[in-house]
Amino acid sequence: MRTLDELLYYCEEPEPVGAILLTGEWGCGKTYLIDNDLKDALENKAHIIRISLFGIASIEGIHMAVKQAWIREYNKGKNWDAVAKKVQKGKEIAGKLDFLPEWFRGIATTDWFSFVEIKNMIEEKPVILVFDDLERCCLETVDILGAINEYCENQKFHTIIIANQEKMRGSKQITAVPVEVEIDTVKNEDDTNPPQRIAGKIKYKSQKDIDELSYDEIKEKIIHRTVQYIPDYASIVDTIVDKTKYQDEKYRDFVKECEEGILELFAPDRNTYNESQKDKRPHNIRSLKCAITDFYRVYGILIKNGFEDIDKWFYSFISYVIAYKADIAKEGHYGTLFSDNEVQELYPFFQNKYMFATVKKWILRGIWDIDALNYEIGMIQSRKKAETPTDIIRTNRIMDIEEDVIIEGFPQVVQMAYAGELSLDEYVYFIQNNCWGRYYDFKLPVRVDWNKVRIGINKVINNLLDSRKEGQQVHTIIGADNKEDFTEEEWKTYQSIEEFQTGNLLMFSNNKKLYVEEMQENAMTAFTICQNKRFNVFDVEMAIITAEAYAKGNNFDKHQFSYYFNKMWKGNIISPDIRVEESLVGFRKLQELLKEQKENLQKNEKVFAVKHTEEFIKYLNEIIEKLNGNLLQAE
């Protein structure tokens with residue numbers, strides 16, 4: 001008998017003997033069954049009122065939720081909204097009328113539905129109470145079932161309780177705790193001696209603990225029958241696909257065309273799947289709904305970039321979302337490598353080549369990086385175009401490449417790495433492939449000189465710094481928790497990329513160029529623009545430009561110049577990013593140039609300018625002394 005038929009059989013009984021417990025995994029569609037299939041089947045025959053127990057923390061809260069839901073159902077089709085608003089307004093007024101007796105104001109301000117008596121019939125149709133999320137209620141299960149029993153046994157409501165029994169049992173067991181009571185007595189043998197106080201302790205179980213029913217005992221008393229929900233996936237998937245709100249009709253048509261594939265992907269008991277994985281497969285309807293909605297974002301990008309086999313991308317995405325929400329798809333020591341394999345074992349439709357790494361990051365961490373996604377799309381398109389062994393190795397993981405291709409193309413890729421002819425992402429792949437080769441016990445055809453690789457990386461970074469391109473330049477990273485998998489030389493090489501990847505090198509380079517350009521144009525404007533910028537060096541070039549800008553200024557400018565210069569740089573020199581030795585050379589160069597200017601100013605009897613310059617030199621002495629101290633501490 002189908003689950004729905006079992007529920008209908010119970011709902012059509014003349015009088016309930018007890019409640020029905022509908023149990024099944026979270027998200028498998030139990031609530032959906034009630035709100036859709038059962039309501040449709042009993043339309044015009046009964047009133048189904050569903051009450052969520054999620055978060056309810058008191059018995060009174062349960063009774064209040066039932067009464068509110070019952071009144072809402074009773075008022076359907078009746079225009080009682082205006083009456084309710086007038087009642088509420090009257091309550092507010094009554095509460096403010098001080099001349100009324102307190103007892104009268106208390107009654108007047110009480111919620112009016114507190115006086116309503118609910119019944120198991122509305123307009124000659126039976127009322128079926130459905131209590132959802134039993135295991136998510138804040139009360140003890142025994143107490144909740146006791147409250148529900150009031151409706152089922154005493155008021156004769158047909159009652160359905162929805163729960164994931166596996167999650168509920170064990171967490172709601174009652175354990176009797178011994179109570180210690182201290183007893184005081186007074187001993188007085190005769191009237192001549194003062195009375196003596198005698199203290200004692202007795203351990204006993206409270207009457208509540210003795211009388212407390214266990215979950216199994218009260219379940220036997222209240223639950224007439226337990227029904228294990230067996231989802232009708234064909235009907236569920238069809239309804240979800242049909243009722244989902246879509247952003248556009250083309251996407252709706254696409255999802256409709258994929259319905260049969262979704263069913264094959266989602267149903268856990270189909271013969272096409274590995275039977276050994278049946279028990280592990282998640283059964284979550286909510287995850288399916290989320291996946292259909294979220295894939296629209298990916299769908300638009302795939303269409304825009306001319307990708308084919310979009311249905312395969314769709315099935316892989318759904319598989320990954322469902323597995324992630326079931327805590328199967330996750331990041332670990334080797335990234336998502338091992339969890340990806342598990343997802344594929346559970347869902348054969350999942351294929352990594354139909355899943356963007358950026359989209360995985362979005363699912364796992366909630367980070368949508370459009371720049372990284374565009375880069376990844378470009379890499380995928382370049383892989384498709386890759387024909388030579390060199391191009392294939394540059395753009396793929398070594399374990400995905402044929403051995404003869406590696407033997408032929410790897411030596412050339414090594415030479416490109418030495419020459420600075422790879423992108424920074426390709427350098428990361430190169431480092432990783434050396435690690436993977438070791439992991440798979442594959443001997444690479446040539447030995448890598450990592451010092452030469454770092455020279456090549458520095459060439460690429462310097463070119464990027466000269467180009468002053470803003471934004472992220474590296475999209476492939478290696479997590480710090482994977483450091484032990486790499487040799488010391490490999491990790492040192494990666495760190496030279498990582499330093500640039502954080503954006504600091506590019507930022508420092510651009511800030512220095514901004515300082516030089518603005519200082520050449522107008523010194524005071526330069527300080528205004530650059531005062532809150534971060535710098536990792538004050539080098540000779542900056543010293544020369546600063547001295548020239550100072551020399552151009554009049555007395556007012558000179559007076560302000562040293563103050564703003566000191567304010568700006570005394571903060572930067574204590575930064576952990578500052579290159580101390582190179583900056584010392586720069587500040588000493590500026591000091592030397594200022595001393596030359598001072599001599600000329602003295603010769604020309606420029607009294608104020610001399611004083612302003614001396615003040616500037618004094619500030620520089622303090623900066624140089626501070627940097628020298630930092631240098632000694634580092635040693």
Side-chain angles (χ1 to χ4, degrees), residues 462 465-466 468 470 499 502-635:
N462 288 333
L465 293 175
D466 290 339
R468 297 185 68 174
E470 294 287 351
E499 185 180 0
T502 60
N504 288 342
L505 284 181
L506 186 60
M507 175 191 68
F508 289 140
S509 175
N510 287 346
N511 287 348
K512 175 192 167 182
K513 289 174 182 176
L514 179 67
Y515 177 88
V516 169
E517 290 171 359
E518 293 298 330
M519 194 62 69
Q520 288 174 322
E521 189 70 25
N522 185 301
M524 292 301 108
T525 302
F527 288 129
T528 301
I529 293 173
C530 297
Q531 62 180 336
N532 293 321
K533 300 288 186 183
R534 289 173 57 198
F535 296 85
N536 67 339
V537 71
F538 183 84
D539 60 14
V540 172
E541 180 187 6
M542 298 171 78
I544 294 171
I545 295 298
T546 302
E548 290 174 353
Y550 179 78
K552 292 177 186 177
N554 55 30
N555 281 341
F556 177 81
D557 293 335
K558 283 181 166 61
H559 188 201
Q560 298 293 317
F561 198 108
S562 61
Y563 170 78
Y564 285 114
F565 181 90
N566 182 58
K567 181 180 177 182
M568 175 176 166
W569 284 101
K570 72 179 182 180
N572 274 289
I573 61 171
I574 62 175
S575 166
D577 299 307
I578 198 75
R579 302 205 303 254
V580 176
E581 293 183 2
E582 193 174 347
S583 295
L584 273 171
V585 174
F587 285 119
R588 286 168 179 157
K589 179 64 176 178
L590 176 58
Q591 191 179 53
E592 175 189 327
L593 294 171
L594 288 176
K595 287 179 179 178
E596 291 176 3
Q597 289 187 33
K598 177 186 171 183
E599 290 177 3
N600 291 328
L601 290 169
Q602 287 173 329
K603 288 178 183 177
N604 293 310
E605 298 182 348
K606 300 291 184 181
V607 177
F608 296 111
V610 169
K611 288 293 183 183
H612 296 326
T613 306
E614 287 176 347
E615 184 73 12
F616 198 173
I617 293 171
K618 174 187 170 185
Y619 283 138
L620 284 172
N621 284 335
E622 293 173 356
I623 290 174
I624 291 168
E625 184 178 342
K626 178 67 175 175
L627 283 175
N628 276 324
N630 293 347
L631 198 60
L632 289 172
Q633 286 181 356
E635 293 175 352

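Just the heavy atoms: all of them, side chains too, but no hydrogens, waters or symmetry mates, feed the values below.
- Taking Arg588 as the reference, nothing meets the salt bridge (Lys or Arg N to Asp or Glu O under 4.0 Å) condition, with sequence neighbours excluded.
- Contact annotation: the side chain of Lys512 never approaches that of Phe508 to less than 4.5 Å [non-hydrogen atoms, C-beta and beyond].
- Side chain of Ser575 to main chain of Gly571: no donor-acceptor pair is present (N/O by atom type, distance under 3.5 Å, no hydrogens or angles).
- With values rounded to the nearest 0.5 angstrom, Asn536 atom CG is found 8.0 Å from Glu582 atom CD.
- Note that OG1 of Thr613 and CG of Leu593 are 12.0 Å apart. Values are rounded to the nearest 0.5 Å.
- Within the 3.5 Å criterion, the main-chain N or O of Ile624 finds a donor-acceptor partner in the side chain of Asn628.
- Between Thr546 and Met519, the shortest heavy-atom contact is CA-CG, 4.1 Å.
- Residues Val585 and Asp539 form no side-chain contact, since every pair of their non-hydrogen atoms from C-beta on lies 4.5 Å or further apart.
- Residue pairs meeting the side chain to side chain donor-acceptor pair (under 3.5 Å) criterion with at least one partner in residues 594-608, sequence neighbours excluded, are Lys598-Glu614.
- Residues passing the salt bridge (Lys or Arg N to Asp or Glu O under 4.0 Å) test with Asp577 are Arg534, sequence neighbours excluded.
- Leu590 is listed as a side-chain neighbour of Phe538, based on a closest heavy-atom distance under 4.5 Å.
- The NZ atom of Lys611 sits 13.5 Å away from atom CG of Asn555, with the distance rounded to the nearest 0.5 Å.
- With rounding to the nearest 0.5 Å, the separation of NZ in Lys626 from CG in Leu584 is 12.5 Å.
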Walk me through whether Phe535 and Trp569 qualify under ring-ring contact (aromatic ring centres under 6.0 Å, His included).
CA-CA 9 Å; Phe535 296 85; Trp569 284 101; 5.1 Å; yes
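- Side chains of Ser583 and Leu627 form a contact here, defined as non-hydrogen atoms less than 4.5 Å apart.
- Between the side chain of Lys558 and the backbone N or O of Tyr550, at least one donor-acceptor pair lies under 3.5 Å.
- The two residues Gly586 and Ala543 come nearest to each other via the heavy atoms O-CB, 3.2 Å.
- Annotation: Glu521, atom CD; neighbour count of heavy atoms from other residues, nucleotides and ligands within 6.0 Å does not exceed 12.
- Nearest heavy-atom pair, Gln520 versus Lys552, reported as atom, atom and distance to 0.1 Å: O-NZ, 3.6 Å.
- Ring-plane geometry between His559 and His612 is classed as parallel, the angle between the planes falling under 30 degrees on a 0 to 90 degree scale with a further cut at 60.
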Take Phe527 and Phe561 through the test ring-ring contact (aromatic ring centres under 6.0 Å, His included) and record every step on the way to the result.
CA-CA 9 Å; Phe527 288 129; Phe561 198 108; 5.0 Å; yes
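- To the nearest 0.5 angstrom, Tyr515 atom OH is 5.5 Å from Met542 atom CE.
- Contact check for Phe565 versus Tyr619: no side-chain heavy atoms found under the 4.5 Å cut-off.
- Rounded to the nearest 0.5 angstrom, Lys567 NZ and Tyr564 OH are separated by 6.5 Å.
- Across every non-hydrogen atom of Val537 and Ile578, the tightest pair is N-CD1, 3.7 Å.
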